[in-house]
Amino acid sequence: ALGEPAQPTPDGEPAGPPIGPQTPGTEICRVNDPDLDEVTGMVARGDVIYVVEGGLTERPYAVTIWTINATTCEATSQTYGLSPIDPQDLALGTDGALWVADTGLGMGAERSWVTFERVDLSSGAEAVPYRALYPANGPINGTAVLLDDSNQPIIIANVGQSALIFRADGPLPADTTANLPTLQQVGQFTPVNTDTPTPSGAFGRLVVTGAAISPDRTKVVLRTESDAYEFTITNGDIVASITEGTPTITPLPDEEKGQAITYSADGSQFLTLSGSQNPVLRAYTPYVPPAPGTGDVPGSGGEAPNRLSFDDITTIALITGFLGLVAVVVGVVGIVRARRQYFAEHPETRSRPRGPRDSRGRGDRRDRRGSGRERWDADDEDGDEYGATR
């Protein structure tokens, strides 16, 4: 699981999650409405995208849902009453309603609970608040939200370099501040400090800013400013899938204050909106690692080599042979130069006789070995100088 040391591979290297290439997203269109400049959450449905704002637009006078054309980025807005503090994300319920995650701490706001404002688009009625108390150890700054199959919120809040996962210990009641359930930590997720470029640097790679569930509810994605982490949902358990599963990472390079993410209506792409003026709507194809033994190595950023072909092996053999020949030539040249230098410094060795040192026969060799070291052969000294043995 992320947040725990990676298990070593057979060769001793830690195994990380597979990471795709740093391919920029496809720019679909750009929103030109100057009032929409702090996007924090988004949901795709049909040919439109629903959006909420937070950040500097905290404490808006009413719950505001923006509707953006998914092709032209033409934007309109509608209010649904209440007065949220700091909307941070948006989720689509199984019944088609939108849930605004009013989970940010806001600037100077004093809160005792988080609030989810449920908006029924079909009726156009005012939003209905659902609340849960903060954990016993104090407020959390929830930046992303997911809804499980029973529409119970799962909140993700950043603490240090990790993201803590919270869920209420009971159902959230509608439109009341009495007898509220309390948020409990149920997991932890730690992003990888990838090398994906982002304006915020390493900080942007380690902070979760958004989350979404695929339309068929088989996948869940968490995003940082720089990357999208996609998990397969197993047995409908979203929390366990995140805390125990291995994600596939799709880089989202150089996004301007990347905050929001959702799946396209058909589930085939990630859609993102930047939290800046004239936000850009981008589409990314989720990275799919190749089958084992056919391509990339997990965590390699998509750069692992394929299997070697016969031509590759032949080329490697030729290069290896050539390098071996070069090494031999260099060695011979070095020896010749060394010998020339030695004889230049000791010219007397060239005039000394080689072979038998006198003609008295083999019987006198024992005497010469004991006392005649001053009459050595030049080859003997060469052997000693270059580490050879006779």
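The model shown is predicted, which means the values in this text are computed figures rather than measured ones.
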More than 12 heavy atoms from other groups under 6.0 Å of CD on Q161:
no
Counterpart residues, salt bridge (Lys or Arg N to Asp or Glu O under 4.0 Å), relative to R282 (two or more places apart)
E256
Straight-line distance of T71 OG1 to I68 CD1, nearest 0.5 Å:
12.0 Å
How many angstroms lie between atom CG of D266 and atom CG of D216, to the nearest 0.5 angstrom?
10.5 Å
Let me see the working for E225 and Q259 under side-chain contact (heavy atoms from CB on, under 4.5 Å), right down to the final yes or no.
CA-CA 6 Å; E225 290 189 9; Q259 296 283 318; 4.1 Å; yes
Excluding sequence neighbours, so at least two apart, what forms side-chain hydrogen bond (donor to acceptor under 3.5 Å, both in side chains) with T23?
none
First locate atom CG of L281, then atom OG1 of T272, and finally report the distance between them rounded to the nearest 0.5 Å.
7.0 Å
Can you measure from CZ (R30) to SG (C73) and round to the nearest 0.5 angstrom?
9.5 Å
Quick one: side-chain contact (heavy atoms from CB on, under 4.5 Å) partners of P199, sequence neighbours excluded?
none
Excluding sequence neighbours, so at least two apart, what forms side-chain contact (heavy atoms from CB on, under 4.5 Å) with D149?
R217
Does anything in residues 257-277 pair up under ring pair (Phe, Tyr, Trp, His ring centres under 6.0 Å), and if so which pairs, sequence neighbours excluded?
Y263-F270
For the CG atom of L146 and the CD1 atom of I233, what is their distance to the nearest 0.5 Å?
8.0 Å
For T182, enumerate each residue passing the side-chain hydrogen bond (donor to acceptor under 3.5 Å, both in side chains) test, keeping only those at least two apart in sequence or located in another chain.
none
Under the rule for side-chain contact (heavy atoms from CB on, under 4.5 Å), what residues qualify as partners of N179, not counting sequence neighbours?
none
If the condition is salt bridge (Lys or Arg N to Asp or Glu O under 4.0 Å), which residues does R118 pass it with, not counting sequence neighbours?
D95
Output all residues satisfying side-chain hydrogen bond (donor to acceptor under 3.5 Å, both in side chains) with T76, sequence neighbours left out; order by chain, then residue number.
none
With sequence neighbours left out, what residues match D47 under side-chain hydrogen bond (donor to acceptor under 3.5 Å, both in side chains)?
none
Show your working on side-chain contact (heavy atoms from CB on, under 4.5 Å) between Y50 and L92 and close with a plain yes or no.
CA-CA 10 Å; Y50 298 107; L92 181 65; over 6 Å; no
Sorted by chain and number, sequence neighbours left out, side-chain contact (heavy atoms from CB on, under 4.5 Å) with V128 holds for Y130, A174, D175
Please identify each residue that fulfils salt bridge (Lys or Arg N to Asp or Glu O under 4.0 Å) with D102, with sequence neighbours left out.
R111
Distance in Å, E255 CD paired with T196 OG1, rounded so as to fall on 0.5 Å steps
11.0 Å
Of the options T103, D169, L164, V114, which is the one that meets L183 in a side-chain contact (heavy atoms from CB on, under 4.5 Å)?
V114
